[in-house]
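A quick write-up on the structure given underneath.
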Amino acid sequence: MVNKRIISSSQLFSMLLVCMIVITSTFGPEHVGYKDFWDCVISCGAAYLLNFIMILPIYFIYKSHPTSDIITVAEKSLGKFSIIIKLIYASYFILVCAHTLATFKSFIENVMNPPVSFMLLSMLLITLTCYAAAKGIEAIARAAVIMLFFIITSLIFLGISLRNNIDYTNFKPFFYEGIDSVINGILFFISRSSCIPILGLLLPYTKIKKIKTGIFVWNTIFYAIMTGAIIIVIGTLGDFAQTRIFPIYSTASIAKILSLENLDILYLGLWTSGIFIKLALFINLAAKCLKETFGGKNSKTCITLLGILLIFTTSLTSIVNITHGIFNINIILISTILTACLIPIIILISNKILKFKK
């Protein structure tokens, strides 16, 4: 049972937006099998609609138990078997953190090439995010609101600065190279919908009156941003986008406003800050699940142990590509569907059975 609502709806959806924008902004041709990147505009529209469908099970759980998170509802419905649910959610949040750090590593090595080692940077980042996670959801939520403001403002500036660079001849007819890129794009966006499981844990802690409106606005803003980003990337880079590992960053690097150039520095700063918020949020929720699983009054111990685990797993990412091994899109896709849809459906069914027996 939730004792109090500690964050506002704007703070909740700001966190979700920052988390989704920061990881999908690394979207590139590799994720669509090096097919036509332009077709991913269609992928955005399809994933936008599918996201609403994926949210429904968690939405129905919240409507029937507005003061209990999905873990608590699982305990009531599944009894001792709920420990499996807790461990699955904790494992999923840890996987998302590990993948985010692997993406951070790939970005650092391919774009920034800093003078210090990646392990030193990652240890510093993990330490700071664990500290933020220990401060609680309220602190993370407040930081996310500020960060989202800067992200949206920066995207507007980047869009304005690049409008004259767009060459409309770069836009090919859709499905020019088949539908593979559309399907791969849909799978990519769905696999990165890691914020949907978060709703099941945070909605009961949120001061929210119009949940449908909040979900609609959050989902619409995100996919509008991604659609706009793809249009600008293709319009600016054309076929050259197919050769870039991070085409959105490559596009930002040629932007300029008046005498201001090298606006990619702005992108780097905001992207790194977004990574910080995402890691802090997911570490906090993973610690919550582990604390509920093994008992204990203090989640800071769990956060510390998770930080050590992430430092260890980060050292292994030097031999794991961000699209292979445990980071294969199929593994992340299945994990996301499991935690966002299938487990909530199981909880809903078991809850209905219990009510029927009574």
Side-chain angles (χ1 to χ4, degrees), residues 1-23 55 58-59 61-62 65-75 85-86 89-97 100 125-151 193-209 211 214-215 217-218 222 273-307 310 339-340 344:
M1 187 73 69
V2 174
N3 294 320
K4 60 180 180 178
R5 310 264 177 173
I6 56 178
I7 59 175
S8 67
S9 58
S10 60
Q11 289 175 327
L12 171 65
F13 292 114
S14 292
M15 283 193 295
L16 301 186
L17 265 174
V18 170
C19 290
M20 291 184 73
I21 290 172
V22 75
I23 196 64
I55 291 169
I58 287 177
Y59 171 77
I61 289 177
Y62 173 73
H65 299 83
T67 59
S68 301
D69 59 35
I70 194 169
I71 299 298
T72 305
V73 178
E75 288 177 345
I85 304 298
K86 298 172 187 176
Y89 274 102
S91 300
Y92 176 69
F93 293 141
I94 294 169
L95 174 63
V96 171
C97 288
T100 301
L125 178 62
I126 292 170
T127 301
L128 292 174
T129 52
C130 285
Y131 176 79
K135 287 296 182 180
I137 291 295
E138 304 100 307
I140 300 171
R142 287 193 292 269
V145 172
I146 297 172
M147 185 52 54
L148 182 63
F149 170 78
F150 285 113
I151 288 175
S193 299
S194 56
C195 289
I196 295 178
I198 292 177
L199 288 172
L201 288 168
L202 292 186
L203 275 176
Y205 295 90
T206 307
K207 303 169 189 174
I208 186 168
K209 293 181 179 179
I211 180 174
I215 291 173
V217 171
W218 157 56
F222 169 71
S273 300
I275 289 285
F276 171 82
I277 288 175
K278 179 170 185 176
L279 288 174
L281 175 60
F282 278 77
I283 290 172
N284 179 283
L285 294 178
K288 171 183 170 63
C289 293
L290 291 176
K291 188 182 77 168
E292 293 288 335
T293 302
F294 300 107
K297 298 180 180 179
N298 195 344
S299 62
K300 292 183 179 179
T301 302
C302 292
I303 291 173
T304 302
L305 293 174
L306 285 173
L310 286 173
T339 53

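Starting from 1, each residue takes its place in the sequence as its number. Side chains are part of it too, since the values below use all heavy atoms of this structure and drop only hydrogens, waters and symmetry mates.
Side chains of Leu202 and Met15 form a contact here, defined as non-hydrogen atoms less than 4.5 Å apart. Here the side chains of Ile283 and Leu310 are in contact, with some heavy-atom distance below 4.5 Å. Counting heavy atoms from C-beta outward, Ile208 and Phe13 have side chains that approach closer than 4.5 Å. Using a 4.5 Å heavy-atom threshold, the side chains of Trp218 and Cys195 count as touching. Counting heavy atoms from C-beta on, the side chains of Val96 and Tyr92 come closer than 4.5 Å. Thr206 has its side chain out of reach of Tyr62: every pair of non-hydrogen atoms, C-beta onward, lies at least 4.5 Å apart. With a 4.5 Å cut-off on side-chain heavy atoms, Leu12 and Leu199 count as touching. With a 4.5 Å cut-off on side-chain heavy atoms, Ile277 and Ile140 count as touching.
Summarising the geometry of Gly274 relative to Val18, their closest heavy-atom pair is CA-CG1, 3.9 Å, with the distance given to 0.1 Å. Closest approach of Ser10 to Ser14, counting heavy atoms only: O-OG, 2.6 Å. Considering every non-hydrogen atom in both Ala287 and Leu306, the closest pair reads N-CD1, 3.5 Å. Contact between Cys289 and Ile71 at its shortest, heavy atoms only, is SG-CD1, 4.4 Å. In terms of heavy atoms, Ala133 sits closest to Ala280 at CB-O, 3.4 Å. Looking at every heavy atom in both residues, Ser8 comes nearest to Gln11 through N-OE1, 3.0 Å.
Between Ile58 atom CD1 and Ile196 atom CD1 the span is 7.0 Å, to the nearest 0.5 Å. One finds the OG1 atom of Thr301 at 11.5 Å from the CG atom of Leu290 (value rounded to the nearest 0.5 Å). A distance of 6.0 Å separates CG of Leu148 from CD1 of Ile21, quoted to the nearest 0.5 Å. Leu95 CG to Ser194 OG: the interatomic distance, rounded to the nearest 0.5 Å, is 9.5 Å. Between the CG atom in Asp69 and the OH atom in Tyr205 there is a gap of 4.5 Å [rounded to 0.5 Å]. The distance from the OG1 atom of Thr67 to the NE2 atom of His65 is 8.5 Å, given to the nearest 0.5 Å.
No option in Leu279, Ile303, Leu125 other than Ile303 meets the side chain to side chain contact (heavy atoms under 4.5 Å, CB included) test with Cys130.
Residues forming a salt bridge (Lys or Arg N to Asp or Glu O under 4.0 Å) with Lys278 (at least two apart in sequence, or on another chain): none. Looking at residues two or more places apart in sequence or on another chain, you find no salt bridge (Lys or Arg N to Asp or Glu O under 4.0 Å) involving Glu292.
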Given the rule in the side-chain contact (heavy atoms from CB on, under 4.5 Å) test, do Ile137 and Leu281 qualify, once you have shown the distances and angles that lead to the verdict?
CA-CA 7 Å; Ile137 291 295; Leu281 175 60; 3.6 Å; yes

Chi angles and distances behind the side-chain contact (heavy atoms from CB on, under 4.5 Å) call for Ile198, Phe282:
CA-CA 9 Å; Ile198 292 177; Phe282 278 77; 3.4 Å; yes

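For the pair Tyr89 (side chain) and Thr339 (backbone), a donor-acceptor distance under 3.5 Å is present.
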